[in-house]
Enquirer: 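Take this structure, written in structure tokens, and hold onto it; I'll ask about it next.
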Amino acid sequence: AQRVTQPEKLLSVFKGAPVELKCNYSYSGSPELFWYVQYSRQRLQLLLRHISRESIKGFTADLNKGETSFHLKKPFAQEEDSAMYYCALRSGTYKYIFGTGTRLKVLA
Amino acid sequence: EPEVTQTPSHQVTQMGQEVILRCVPISNHLYFYWYRQILGQKVEFLVSFYNNEISEKSEIFDDQFSVERPDGSNFTLKIRSTKLEDSAMYFCASYSGQSSGNTIYFGEGSWLTVV
């Protein structure tokens, strides 16, 4: 079954602390994984896609096929990083499967 | 940067009424989607649309729902007889259809409240 799991509903860290948002997936084919961010009831915005291997706003994510994970990391959290973060798996062309999301709260 | 736009941003409707949510996808995109997010829950796939027909739909997308691309630009979601549990944020999204590595782009959402 195709599934995305984000085990933490809420993650609170202090400003300047490292952040790791966990994502595990289940997919039979070659996965395409993404991280989306949603600030306070705004639109979902693409943060990262694993194919690009880019770093956006200091966030990085590495696809680990052995562990079927795509954890999102940032070495030093900032207050403006507070948001909902969704890991997503692209299932063919037609749909994305989202995890349940992790709310990141960065405390001053 | 081009954006997916949605109207209305918020609609309150009475149970049993019909609702149409409108979306203008990015102009050169070929695939269109509706997703739903009930308050506090995850984003759920409803339906995808390509070449003027539904490509895939989820179990949520029952006979109460329909989608249409009435002209070259709009993409609508109709809920024929709304229920309380239809209250959610509805996101439209579009995708270019080009090679992998691209992604879908979401609109800001239409918040539907059924009372």
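Quick note on labels: first sequence line is chain A, next is B, and so on, each numbered from 1. Since this is a predicted model, take the numbers as computed values, not measurements.
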Enquirer: Tell me the residues of residues 29-45 of chain B whose non-hydrogen atoms fall below 4.5 Å from those of chain A, in number order.
Expert: B:Tyr31, B:Tyr33, B:Tyr35, B:Gln37, B:Leu39, B:Gln41, B:Lys42, B:Val43, B:Phe45
Enquirer: Quick one: side-chain hydrogen bond (donor to acceptor under 3.5 Å, both in side chains) pairs with a partner in residues 8-27 of chain B, sequence neighbours left out?
Expert: B:His10-B:Thr113
Enquirer: So if you build clusters from Ile, Leu, Val, Met, Phe, Trp, Tyr with side-chain heavy-atom gaps below 4.5 Å, do B:Phe65 and B:Phe75 land together?
Expert: yes
Enquirer: For residues B:Leu84 and B:Leu46: do they belong to one hydrophobic cluster (side chain heavy atoms under 4.5 Å, members Ile, Leu, Val, Met, Phe, Trp, Tyr)?
Expert: yes
Enquirer: Hydrophobic clustering (ILVMFWY, side-chain heavy atoms < 4.5 Å, transitive) - are B:Ile54 and B:Tyr95 grouped together?
Expert: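 No, it is not one cluster - the side chains of B:Tyr95 and B:Ile54 are not joined through contacts under 4.5 Å.
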Enquirer: Can you tell which part of A:Leu44 gets under 4.5 Å to a heavy atom of chain B, answering side chain, backbone, both or neither?
Expert: both
Enquirer: Within a radius of less than 6.0 Å around NZ of B:Lys83, do more than 12 heavy atoms belonging to other residues, nucleotides or ligands occur?
Expert: yes
Enquirer: Find out if a path of hydrophobic residues (ILVMFWY) with successive side-chain heavy-atom gaps under 4.5 Å connects B:Leu112 to B:Phe61.
Expert: yes
Enquirer: Atom CZ of residue position A:Phe76 - does it have more than 12 heavy atoms of other residues, nucleotides or ligands inside 6.0 Å?
Expert: no
Enquirer: Tabulate, in ascending numerical order, the residues of residues 100-108 of chain A having at least one heavy atom closer than 4.5 Å to a heavy atom of chain B, or enter 'none'.
Expert: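 Residues A:Thr100 are the ones that qualify, each having a heavy atom under 4.5 Å from chain B.
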Enquirer: Looking at chain B, which one of A:Gln38, A:Gln6, A:Lys9 has the largest number of heavy-atom pairs inside 4.5 Å, strictly under?
Expert: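 Looking at each of A:Gln38, A:Gln6, A:Lys9 in turn, A:Gln38 comes out on top.
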Enquirer: Decide yes or no for A:Phe34 and B:Ile104: does some side-chain heavy atom of the first lie under 4.5 Å from some side-chain heavy atom of the second?
Expert: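 Side chain of A:Phe34 against side chain of B:Ile104, heavy atoms only: no contact under 4.5 Å found.
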Enquirer: Do A:Leu21 and A:Tyr25 belong together in a cluster built from hydrophobic side chains that touch within less than 4.5 Å?
Expert: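 Yes; tracing contacts between hydrophobic side chains, which count when under 4.5 Å, links both residues.
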Enquirer: Listing request: all side-chain hydrogen bond (donor to acceptor under 3.5 Å, both in side chains) pairs with a residue in residues 45-56 of chain B, at least two apart in sequence or in separate chains.
Expert: A:Lys95-B:Glu56
Enquirer: Using a 4.5 Å cut-off on heavy atoms from C-beta on, say whether the side chain of B:Gln6 contacts that of A:Arg43.
Expert: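 In short, these two side chains do not touch, never coming nearer than 4.5 Å.
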Enquirer: Please check if atom CG in B:Asp63 has more than 12 non-hydrogen atoms from other residues, nucleotides or ligands closer than 6.0 Å.
Expert: no
Enquirer: Is it true that, when you exclude B:Glu85 itself, more than 12 heavy atoms of the residues, nucleotides or ligands shown sit nearer than 6.0 Å to its CD?
Expert: yes
